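Heads up: the structure comes next, in structure tokens.
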Amino acid sequence: MKKLLSLVMTGVLAVSALTACGSSGSTAGTQAAGGETTAAAAAASAESAAAGAASTGNSGEEVVFGTGGTTGTYYAVGGVMATVLNPLMQNSHLTVTSTGASKANIQLIDDGDANLAIVQNDVMSYAHEGTDLFADEGAYETFAPVAGLYDETVQIITCSDDIKTVADLKGKTVSVGDAGSGVEFNARQILDAYDISFDDIKVVNASFGDSADSLKDEKIDAAFIVAGAPTTAVVDLSTTKAVHLVELDDDHIKTLQDKYSFYTPTTIPGGTYTGVDADAKTVSVRATIIASTKLSEDVVYEMLKTMFDNKDALAAGHAKFELLNLEDATKGITIPFHPGAKKYYEEQGITVD
């Protein structure tokens, strides 16, 4: 087991080299869903779950798995996958590496420096189409989706009683995430669905933590945060100041989905944050595993099958795997799946492109 756990931490050695590849997509990877959860802690909690599953490793193909920052959810999720799945797979073993998350992971796979990665499905869509974050680079054809893991929820946070709807953001000071990040594009698209542009608000570019601090100090009126809910920065804010979640209505969600198929309707349950008792309707993008088109069908098929066959062990290592299910694994993904993933889903009675 010590040998398995060492695989989880392999990425620490590579972090300085890889984080330089770019951070435009790192917001979701390093801050999503309580980003302070470390891979080391997640791997340790997975040890007992994996111990009874198998006791022997394999000598299959090394598969480099690009994740996110070492303090983020992507890295922790990848670490648990390596710990639980490696003893059970014959064709491959996962070596987890820390990266700049979504955009950097697309680039790493294209360069041949990673074989698998976790990305937001909207960033994946931009790369496939050569738009938005990838408008200056053109379309990427070197990756294919494998599985959606969990929702990264669009949360519009305010401490103002005057902001009830997205329309009320007009004329306000609003944090839209880091400059050039996936969050900034989410904010632009959602505002556009309400006929609001960045020219209609005072735009602030800030991280989740800085946005929460600015809300607390009343320097901004609202903030877009795209991450698993509950998000640590908002949890902390809600313990010291009354927060509100700005909802999206059904008509505008449909308008958004008609233009951007990667969004899925989501409800943030009441009680997620202190003092927010009512459910809040919004949308999400999906944290998604992608694979290099050069990775063999057998490797991807085996990894995906082993992952779903061992959901309980994975969930024991990280709570995000409690959200893993076949019904949601393909939602919000319109790009053709990797042949190995397509083979697995079709065996399960799920038709994919």
Side-chain angles (χ1 to χ4, degrees), residues 27-28 31-34 120-122 125 148-170 172 174-177 182-197 200-201 208 211-212 215 220-235 237-238 241-288 319-320 322-325 327-334:
T27 302
Q31 301 189 60
Q120 283 187 196
N121 70 324
D122 55 336
S125 180
L149 297 179
Y150 57 86
D151 285 343
E152 295 190 289
T153 304
V154 176
Q155 303 168 77
I156 308 174
I157 311 297
T158 184
C159 296
S160 171
D161 293 331
D162 296 330
I163 299 175
K164 306 292 187 183
T165 71
V166 175
D168 295 331
L169 294 176
K170 194 169 185 177
K172 300 296 194 295
V174 183
S175 172
V176 296
V183 179
E184 187 178 53
F185 282 96
N186 298 143
R188 192 186 301 273
Q189 292 157 1
I190 289 167
L191 290 171
D192 181 65
Y194 284 80
D195 295 320
I196 300 172
S197 74
D200 297 319
I201 64 173
F208 298 165
S211 295
L215 284 168
I220 62 174
D221 299 303
F224 280 81
I225 291 177
V226 183
T231 305
T232 300
V234 184
V235 170
L237 175 65
S238 69
K241 198 172 182 71
V243 302
H244 310 290
L245 297 173
V246 181
E247 288 193 274
L248 278 64
D249 61 85
D250 290 335
D251 288 343
H252 287 93
I253 289 175
K254 184 178 185 306
T255 298
L256 189 65
Q257 286 185 293
D258 286 345
K259 193 169 183 180
Y260 305 104
S261 58
F262 47 73
Y263 284 110
T264 57
T266 300
T267 297
I268 303 173
T272 299
Y273 297 113
T274 301
V276 183
D277 298 326
D279 292 350
K281 188 177 297 184
T282 184
V283 291
S284 291
V285 291
R286 300 277 289 167
T288 303
K320 282 301 176 190
E322 294 174 3
L323 306 175
L324 178 67
N325 62 78
E327 291 72 20
D328 292 337
T330 60
K331 77 176 185 180
I333 300 174
T334 58

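Keep in mind the model is a prediction, meaning the values are calculated, not measured.
With rounding to the nearest 0.5 angstrom, the CD1 atom of Ile220 is 4.0 Å from the CG atom of Leu215. Here CG of Leu169 is found 6.0 Å from CD1 of Ile156. Values are rounded to the nearest 0.5 Å. Going from atom NZ of Lys254 over to atom CG of Leu256 covers 11.5 Å, rounded to the nearest 0.5 Å. Lys164 contributes atom NZ, which lies 9.5 Å from atom OG1 of Thr158 (distance to the nearest 0.5 angstrom). In this structure, Glu247 CD and Thr267 OG1 are separated by 8.0 Å, a value rounded to the nearest 0.5 Å. Atom CG of residue Leu191 and atom CG of residue Asp200 lie 8.5 Å apart, to the nearest 0.5 angstrom.
The side-chain hydrogen bond (donor to acceptor under 3.5 Å, both in side chains) test applied to Gln155 returns Thr231, Tyr273, not counting sequence neighbours. Judged as a side-chain hydrogen bond (donor to acceptor under 3.5 Å, both in side chains), and not counting sequence neighbours, Lys331 has no contacts. Scanning for side-chain hydrogen bond (donor to acceptor under 3.5 Å, both in side chains) contacts around Asp161 gives His244, with sequence neighbours left out. Not counting sequence neighbours, Lys172 has no partner by the salt bridge (Lys or Arg N to Asp or Glu O under 4.0 Å) test. Legend: residues meeting side-chain hydrogen bond (donor to acceptor under 3.5 Å, both in side chains) with Tyr194, ordered by chain and number and at least two apart, are Asp249.
For the residue pair Tyr263 and Asp122, no side-chain donor N or O sits within less than 3.5 Å of a side-chain acceptor on the partner.
Contact check for Leu237 versus Cys159: side-chain heavy atoms found under the 4.5 Å cut-off. Side chains of Thr288 and Leu149 form no contact here, defined as non-hydrogen atoms less than 4.5 Å apart.
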Step-by-step side chain to side chain contact (heavy atoms under 4.5 Å, CB included) determination, Val183 to Val176 = CA-CA 6 Å; Val183 179; Val176 296; 5.9 Å; no
What's the verdict on side chain to side chain contact (heavy atoms under 4.5 Å, CB included) for Asp168 and Asp162, showing C-alpha distance, side-chain angles and the deciding distance?
-> CA-CA 8 Å; Asp168 295 331; Asp162 296 330; over 6 Å; no
Using a 3.5 Å cut-off and no angle test, enumerate the donor-acceptor pairs between side-chain atoms of residues 278-287 and protein atoms at least two apart in sequence or in another chain.
unit_1: Asp279; atom_1: OD1; unit_2: Gly270; atom_2: N; d: 2.7
unit_1: Lys281; atom_1: NZ; unit_2: Asp250; atom_2: OD1; d: 2.9
unit_1: Lys281; atom_1: NZ; unit_2: Asp250; atom_2: OD2; d: 3.3
unit_1: Thr282; atom_1: OG1; unit_2: Val154; atom_2: O; d: 2.7
unit_1: Ser284; atom_1: OG; unit_2: Thr153; atom_2: OG1; d: 3.1
unit_1: Ser284; atom_1: OG; unit_2: Thr266; atom_2: OG1; d: 2.7
unit_1: Arg286; atom_1: NH1; unit_2: Asp151; atom_2: OD1; d: 3.0
unit_1: Arg286; atom_1: NH2; unit_2: Gly148; atom_2: O; d: 3.3
unit_1: Arg286; atom_1: NH2; unit_2: Asp328; atom_2: O; d: 3.0

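Within the 3.5 Å criterion, the main-chain N or O of Ala193 finds no donor-acceptor partner in the side chain of Asp195.
Residues Phe208 and Phe224 share a closest heavy-atom pair of CE2-O, 4.3 Å. Between Gln257 and Pro265 the shortest heavy-atom distance is NE2-CD, 3.3 Å.
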